[in-house]
Each structure stands twice: as C-alpha cells, then as structure tokens.
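Reviewing the structure listed below.
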Amino acid sequence: MYLSVYYKRFTFVLILAVLFLLLTACQKNAFPIDNEQLSEEERLVIRFSHVVGENTPKGLAARKFAELINERSNGHVEVQVFPNGFLYKDGEEMDALLNGDIQMIAPATSKVTSLVPEWSVIDLPFAFSTYEEVHDYIAGPIGQRLISKLDDKGLHTLGIWDNGFKQISNREFPILLPTDLKQLNMRIMPSDILEKQFSILGAVPKKIDFNILFHHLENGDVDGQENTLSNITSKNLHTLQKYLTISNHGYLGYVLLMNDEFWKELPVDIQLLIKETLIEVNQWEWDIAHQINSEKLVELENCECIGIHHLTEQERLIWEEAFEPVFEYYKDRFGAEYIELLP
Ligand code: LMR
C-alpha cells in the first residue's frame, strides 16, 4: 500500500518533469545557450561574401553585423564573412547569391545594374552632392521602385551602406577639366552609365573587377580609375598613380542583399533579430564610412605621394555641363521620372 502511493507520486513527478522539458524545448524564442554544443543542423549559417578589404566601411560593417548576430543569438545564427573576393569575385557573387550558394552580399549599386539597369541612375555624374541626398532619394518613391525591381529578381534588400564619393586618379596628367581625360584608359565598374560618363569625354572606359585592378594599373592596361579614397588606399592604388582629382563626381554605396528564398524560410524571430541589428549596424556603417574617407583624404594630403587637385566650383560647373548628354541617355532609356526626382 505504502509502496504503491510512493510509485504514483514518483510517476506524477516524472510526467511533470517530462512536460516541463518538452515545453522548454518548444519555446519559439529560445536560442540554445551554449554554441559549443550546437550541431551543424542546429546552427544557422549565413555566408556573407564581399570583394573589399576588412578595414573598409563595408568590411568593418560586415564584421560588426556578424559579431552582433552571433552574440545576440547565442551562436545559433552564425554569420560567416568572406572578404576580398576570397570566395566569389565581382562578376560571380550575384549569381552565387541567386543560386543560394551564399546568403548575403553587398555589391556596389553600380554592380546591380547588370540585373536591374535602372539602378544606374545612382551613377549619374554629379547627381548627388551629399550622402543625405542619396539616402532620401532611395527612401523615396523612386528608390522604393528600384528596390522592388530587385525583389522581382529573387532578392531581399536589407539596407543601403555608404562608401563615399568617387575621385579620379591617373598616372599621366593632372585632371582639371573634362577634356583632360581624352584618350586615357579608365577602369570602371560594370555600369553602362559609367561607361557613357567616360566615353562621352573621349576617354576609353574598361570594365575590370576590383580585385584585379591593382595588376591592371601596374601593367599599364589602364591609366587611371575612379573610386572612393577608402577603396583607393585600401588596395594601395594611389602608389601606382601620379595624380588625384578630388571631384566627388559620383556616389559609391552598396545594396545589402539576401537571397529572398532563404530570407522567407528564416524563422520570424531570426528575421526580426536581423532587421533590428541592421538598424544599428546600418547607421554605424554610414558614420564609419564618412569618417574613413575624410581620414584618408588627410593621409593622402600629408603623404606627398600623389599630386592632388580639388575641383574648383567653376571647374565643377564645366564638368556638369559636359555630362548633360549622359542624363539624356539615361532618360531616353528609362524615362524622365527617375531623373526628375533627383535632388
Ligand atoms: C569597385 O569595384 O570599385 C567597388 O565596387 C568595390 C567595392 O565593393 O567597394
């Protein structure tokens, strides 16, 4: 009799314990505490590939994003960052993303133009003077239309990261006026508008991957290039160039993209974690991008390793006039509405 009561109590306590364990395991928000013990199946891996160095605005922000996500999910979500085109090069990373071989990239807006050519509005020379103007344009109706065109291609846009405004460098002459570019071979990112921007001035634009640009400049395949000071210095491109024009003629920033199928399959709490973390990281990235590019200008001015010319206001007006046909070219292809809402 005494023994049967004991067994009943024991069974009851056992059932309660099993129920408690089951409930804890099913809790939706519970990230496992100890990532060391997570199996491959329990860990959710996001592979993030990009083509620049780790100490650039994009490289630093990708690493910060990875650290915060890993920490906030207790290692349940692991963001693996592959910099310097180590995994996929410029021309390969978009296909790798669309095929699901990687889950995140942050290509320059100029590079998404091969998928959605309307994005080349951002490449129009002197279209923007400040980062805020770019952010407002992208947050506005045209920017949202551009983003929805990326959605249609199987992508999910998570934000815009800045790099900076592009400057012109070359090994031949100081560039003060548009005519100075005549016959120079200039490296560009793959964008028809960038091609037009140089060809209209009599220069010879050449589309070359970022990771092999140093060698092309070294071999003399190209005389010059346009890029942000962060990109120029992180790859030591200035060491191969004699002249630098601070022209601020074009914006270089990134679209932070995820494979849409992958995004939709993520649990809601992880989507939320990514979105909330990115609100913080995106702002941090903007600040660090502006800071790095300003610091690099001071470094270059002090190094006496390259001749620097700052475009005067008067010179800028001459460049703007020379580029008017590029705007016409864009308008003829994609319609006036993209241009009309430019600042
Ligand atoms: C370039 O190709 O010059 C840039 O897009 C590289 C980058 O990602 O900043």
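Order of listing sets the numbers, starting from 1, for every ligand and every atom in it. All of these numbers come straight from a predicted model, not from anything done at the bench.
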- line: Among Ile188, Asp209, Asn231, the residue with a heavy atom nearest to atom 6 (C) of ligand 1 is Asn231
task: Could you tell me whether Lys64 sits above the aromatic face of Trp284, with NZ or CZ closer than 6.0 angstrom to the six-membered ring centre and within 45 degrees of the axis?
output: yes
message: Going by the rule side chain to side chain contact (heavy atoms under 4.5 Å, CB included), which residues pair with Pro343 if we only count those two or more places apart in sequence or in a different chain?
response: Phe128, Glu133
query: For Arg187, is the nearest heavy atom under 4.0 Å from an atom of ligand 1?
result: yes
Atom 7 (C) of ligand 1: nearest protein contact (heavy atom, Å): Val52 CG1, 3.3 Å
query: Ion pair present between Asp223 and Arg171, side-chain N to carboxylate O less than 4.0 angstrom?
result: yes
message: Walk me through whether His290 and Tyr131 qualify under ring pair (Phe, Tyr, Trp, His ring centres under 6.0 Å).
response: CA-CA 9 Å; His290 310 170; Tyr131 295 102; 3.6 Å; yes
message: Just to confirm my output: which protein heavy-atom neighbour is closest to atom 9 (O) of ligand 1, and how far is it?
response: Tyr254 OH, 2.5 Å
- prompt: Hey, is Thr228 touching ligand 1 through its side chain, its backbone, both or neither, going by heavy atoms under 4.0 Å?
  reply: neither
query: Does His50 have a non-hydrogen atom less than 4.0 Å from ligand 1?
result: no
task: May I ask you to decide if the ring planes of Phe126 and Phe323 are parallel, tilted or perpendicular, using 30° and 60° as cut-offs?
output: tilted
- prompt: With a cut-off of under 6.0 Å to the ring centre and 45° to the axis, is Lys235 in cation-pi contact with Phe214?
  reply: no
statement: Among non-hydrogen protein atoms, atom 8 (O) of ligand 1 lies closest to Lys58 NZ, 2.7 Å
task: Could you tell me the residue and atom name of the protein heavy atom closest to atom 5 (O) of ligand 1, and the distance to it rounded to 0.1 Å?
output: Lys111 NZ, 2.8 Å
message: I need the atoms of ligand 1 closer than 4.0 Å to a non-hydrogen atom of Val51, numbered in the order shown.
response: 8 (O)
query: Should the ring pair Phe48 and Trp161 be called parallel, tilted or perpendicular, given that the plane angle runs from 0 to 90° and is split at 30 and 60?
result: tilted
- request: Run the numbers for me: atoms of ligand 1, each under 4.0 Å from some heavy atom of Ala108, listed by number.
  value: 5 (O)
- prompt: With a cut-off of under 6.0 Å to the ring centre and 45° to the axis, is Arg145 in cation-pi contact with Tyr338?
  reply: yes
task: Record the part of Asn227 in heavy-atom contact with ligand 1 below 4.0 Å; permitted values are side chain, backbone, both and neither.
output: side chain
message: Show the atoms of ligand 1 that are less than 4.0 angstrom away from any heavy atom in Met189.
response: 1 (C), 2 (O), 3 (O), 4 (C), 5 (O)
query: For ligand 1, is any non-hydrogen atom under 4.0 Å from Thr56's backbone (N, CA, C, O), its side chain (CB onward), both, or neither?
result: neither
- prompt: Would Glu328 and Lys331 count as a salt bridge (charged side-chain N to carboxylate O under 4.0 Å, His left out) if you check the C-alpha gap in whole Å, the side-chain angles of each, and the deciding distance to 0.1 Å?
  reply: CA-CA 5 Å; Glu328 286 307 311; Lys331 206 169 8 173; 3.5 Å; yes
